[in-house]
Visitor: 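One structure follows; several queries about it will come next.
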Amino acid sequence: MNESGSNQRPRRRGRRWVRTLVKTFAAVVILTCVGLAVLAEVNRREAVRRDRRHEGARLTEPESALLVEVRRLHAKLGSQVWPGFADARVPIVLFNDAYEFLADAVDPPTPWEIVPDHRLDGSVYYRRAVGNPQGFAVRIGDLWAGSLSTLARVNRDFFLAVRRDLPPVLAQVYPYAWATVAPDLHVVALLHEMFHAHQASTTPERFAAAGALYEVEKRYPFADAAFSDEWDAEGAALAAALRSLDIGETRELVRTFLSRRGARRSRAGLDAKLLAFERELEWLEGLGKYVETRFHELAAA
């Protein structure tokens, strides 16, 4: 075998490797472009499906089923979550773009009216034209109700917010199935709002005072990265104290938590109103989030 023939074989193998690499790269590019085009079309159809008003004059079957599940969990698990909560009478408001629907109320004031020819698990429920609905505790006559928008409206608004906040190109190909609130999370979110109604009913003075403190919210240093890191550190100490099975270790972790909290508040220079805002926000929304999480844990078990 001559020397030139032995040199040609490595060259041919090198050329074949380069051609294979180019073909593979081209195939990956083509498949990626096809995949992105398909995803963009799926997202376009999802936008058409979700970006619409929800104006039904009665609860849909899924919405009715959701409220029945909320009732069931409230009655069965409520007092495990918070003493006496299961026995509390807490009406429920669910609202779409045109109507608010009210369940578990008796003769609510005008303009509430009975939804004709429809029942919620065998009982009447009410509606009124939507005014200024909110996801929180709302006053209905002499009672406080937990209020939240329908799951369809929640998912529409969530979808549109994600789509609006993403860069234009990324907004076309983002997998919007991820921008979806599952029914179980919507159920416990409504129980969260019902607990706010329970707070308003059982401790009206503190509830009103907590709401009034929101006037200083704009001054609270939410955007301070160091402040947030310090808050996370003190929270980690408290969480570790709750997990610890050793009383000495628990006491030390609690001391660490209190020390870190005091240092954070001092460094940030929180005045009396901001300190009160922090405490009442923890009472109001901290307990609401605890209730939401605990219902989910117990229901899943």
Visitor: Does a side-chain N-to-carboxylate-O contact under 4.0 Å join Glu230 and Arg267?
Guide: yes

Visitor: Taking it one step at a time, do Arg206 and Gln199 satisfy side-chain contact (heavy atoms from CB on, under 4.5 Å)?
Guide: CA-CA 9 Å; Arg206 185 168 189 180; Gln199 289 175 302; over 6 Å; no

Visitor: If you compare all heavy atoms of Pro204 against all heavy atoms of Ser201, which two are closest, and at what distance to 0.1 Å?
Guide: CD-O, 3.9 Å

Visitor: Would you say Tyr290 ends up clustered with Leu77 if hydrophobic residues are merged whenever their side chains have heavy atoms under 4.5 Å apart, either directly or through other cluster members?
Guide: yes

Visitor: Side-chain contact test, heavy atoms from C-beta onward, threshold under 4.5 Å: evaluate it for Tyr125 versus His118 and give yes or no.
Guide: yes

Visitor: If you round to the nearest 0.5 Å, how far is CG of Leu66 from CG of Leu151?
Guide: 7.0 Å

Visitor: Tell me whether Val181 shares a hydrophobic cluster with Leu190, the cluster being built from Ile, Leu, Val, Met, Phe, Trp, Tyr side chains joined at under 4.5 Å.
Guide: no

Visitor: Which pair of non-hydrogen atoms, one from Ala86 and one from Ala75, has the smallest distance, and what is that distance?
Guide: CB-O, 3.7 Å

Visitor: For the pair Arg219 and Asp271, find out whether any cationic side-chain nitrogen is under 4.0 Å from an anionic carboxylate oxygen.
Guide: yes

Visitor: Drop me the distance from Ser149's OG to Leu94's CG, to the nearest 0.5 angstrom.
Guide: 7.5 Å

Visitor: Any ion pair linking Glu100 and Arg127 (charged N to carboxylate O, less than 4.0 Å)?
Guide: no

Visitor: For a 4.5 angstrom cut-off between non-hydrogen side-chain atoms, does Leu287 reach Trp82?
Guide: yes

Visitor: For the residue pair Tyr220 and Val216, establish whether any side-chain heavy-atom pair is separated by less than 4.5 Å.
Guide: no

Visitor: What closest approach, in Å, do Asn96 and Tyr99 show between heavy atoms, and which atom pair accounts for it?
Guide: OD1-N, 2.7 Å

Visitor: For residues Arg128 and Glu113, determine if any side-chain heavy atom of one lies less than 4.5 Å from a side-chain heavy atom of the other.
Guide: no

Visitor: What is the distance from atom CG of Leu73 to atom CD of Gln80, rounded to the nearest 0.5 Å?
Guide: 11.0 Å

Visitor: Would you please test Phe295 and Val70 for side-chain contact (heavy atoms from CB on, under 4.5 Å) and show each step?
Guide: CA-CA 10 Å; Phe295 265 114; Val70 168; over 6 Å; no

Visitor: Is Val90 close to Phe85 at the side-chain level, that is, under 4.5 Å between some pair of heavy atoms?
Guide: yes

Visitor: Using the ring pair (Phe, Tyr, Trp, His ring centres under 6.0 Å) rule, take Phe227 and Phe222 through it: C-alpha gap first, then chi angles, then the decisive distance, then the call.
Guide: CA-CA 8 Å; Phe227 185 84; Phe222 290 108; 8.1 Å; no

Visitor: Verify the cluster assignment for Leu298 and Val187: are they in a single hydrophobic cluster under the rule of side-chain heavy atoms below 4.5 Å apart?
Guide: yes

Visitor: Just checking, Arg264 and Trp231: is the charged tip under 6.0 Å from the six-membered ring centre and within 45° of the axis?
Guide: yes

Visitor: Give a yes or no answer on whether the side chain of Asp97 reaches the backbone of His54 with a donor-acceptor pair at less than 3.5 Å.
Guide: yes

Visitor: Which value, rounded to the nearest 0.5 Å, describes the distance between Leu270 atom CG and Glu278 atom CD?
Guide: 6.0 Å

Visitor: For the CG atom on Asp232, are there more than 12 heavy atoms of other groups (residues, nucleotides or ligands in this structure) within a distance under 6.0 Å?
Guide: yes

Visitor: Taking all atoms of both residues into account, what is the closest heavy-atom pair of Ser244 and Leu253, and its distance?
Guide: CB-CD1, 4.4 Å

Visitor: Going through the checks in order, is the salt bridge (charged side-chain N to carboxylate O under 4.0 Å, His left out) test met by Glu282 and Arg279?
Guide: CA-CA 5 Å; Glu282 288 178 339; Arg279 285 192 299 270; over 6 Å; no

Visitor: If every non-hydrogen atom of Leu120 is compared with every non-hydrogen atom of Ala103, which pair is closest and at what distance?
Guide: CD2-CB, 3.6 Å

Visitor: Does Arg58 pair with Glu63 as a salt bridge, N-O distance under 4.0 Å?
Guide: no

Visitor: So do the side chains of Arg52 and Arg156 get within less than 4.5 Å of each other, counting heavy atoms only?
Guide: no

Visitor: Would you list the atom pairs, donor with acceptor, under 3.5 Å between side chains in residues 136-147 and any protein atom, with sequence neighbours excluded?
Guide:
| unit_1 | atom_1 | unit_2 | atom_2 | d |
| --- | --- | --- | --- | --- |
| Arg139 | NE | Gly141 | O | 3.2 |
| Ser147 | OG | Gln134 | O | 2.8 |

Visitor: Distance from Lys289 atom NZ to Leu284 atom CG, nearest 0.5 Å?
Guide: 13.0 Å

Visitor: For the pair Val106 and Arg89, evaluate side-chain contact (heavy atoms from CB on, under 4.5 Å) and give the outcome as yes or no after the intermediate values.
Guide: CA-CA 11 Å; Val106 178; Arg89 181 184 167 198; 3.5 Å; yes

Visitor: With respect to Leu102, which candidate in Val93, Ile114, Ile92 satisfies the side-chain contact (heavy atoms from CB on, under 4.5 Å) definition?
Guide: Val93

Visitor: Following the transitive rule for hydrophobic clusters with a side-chain heavy-atom cut-off under 4.5 Å over Ile, Leu, Val, Met, Phe, Trp and Tyr, establish whether Phe207 and Leu213 coincide in one cluster.
Guide: yes

Visitor: Which heavy atom of Tyr126 sits nearest to which heavy atom of Asp107, and what is that distance?
Guide: OH-N, 3.4 Å

Visitor: Is any side-chain heavy atom of Phe95 closer than 4.5 Å to one of Phe101?
Guide: no

Visitor: Around Glu61, counting heavy atoms of other residues, nucleotides and ligands shown, do more than 12 lie under 6.0 Å from its CD?
Guide: no

Visitor: Could you tell me the separation between the CG atom of Leu191 and the CZ atom of Arg71, rounded to the nearest 0.5 Å?
Guide: 12.5 Å

Visitor: With the side chain counted from C-beta on, respond yes when His192 and Glu285 share a heavy-atom pair under 4.5 Å apart, and no when they do not.
Guide: yes

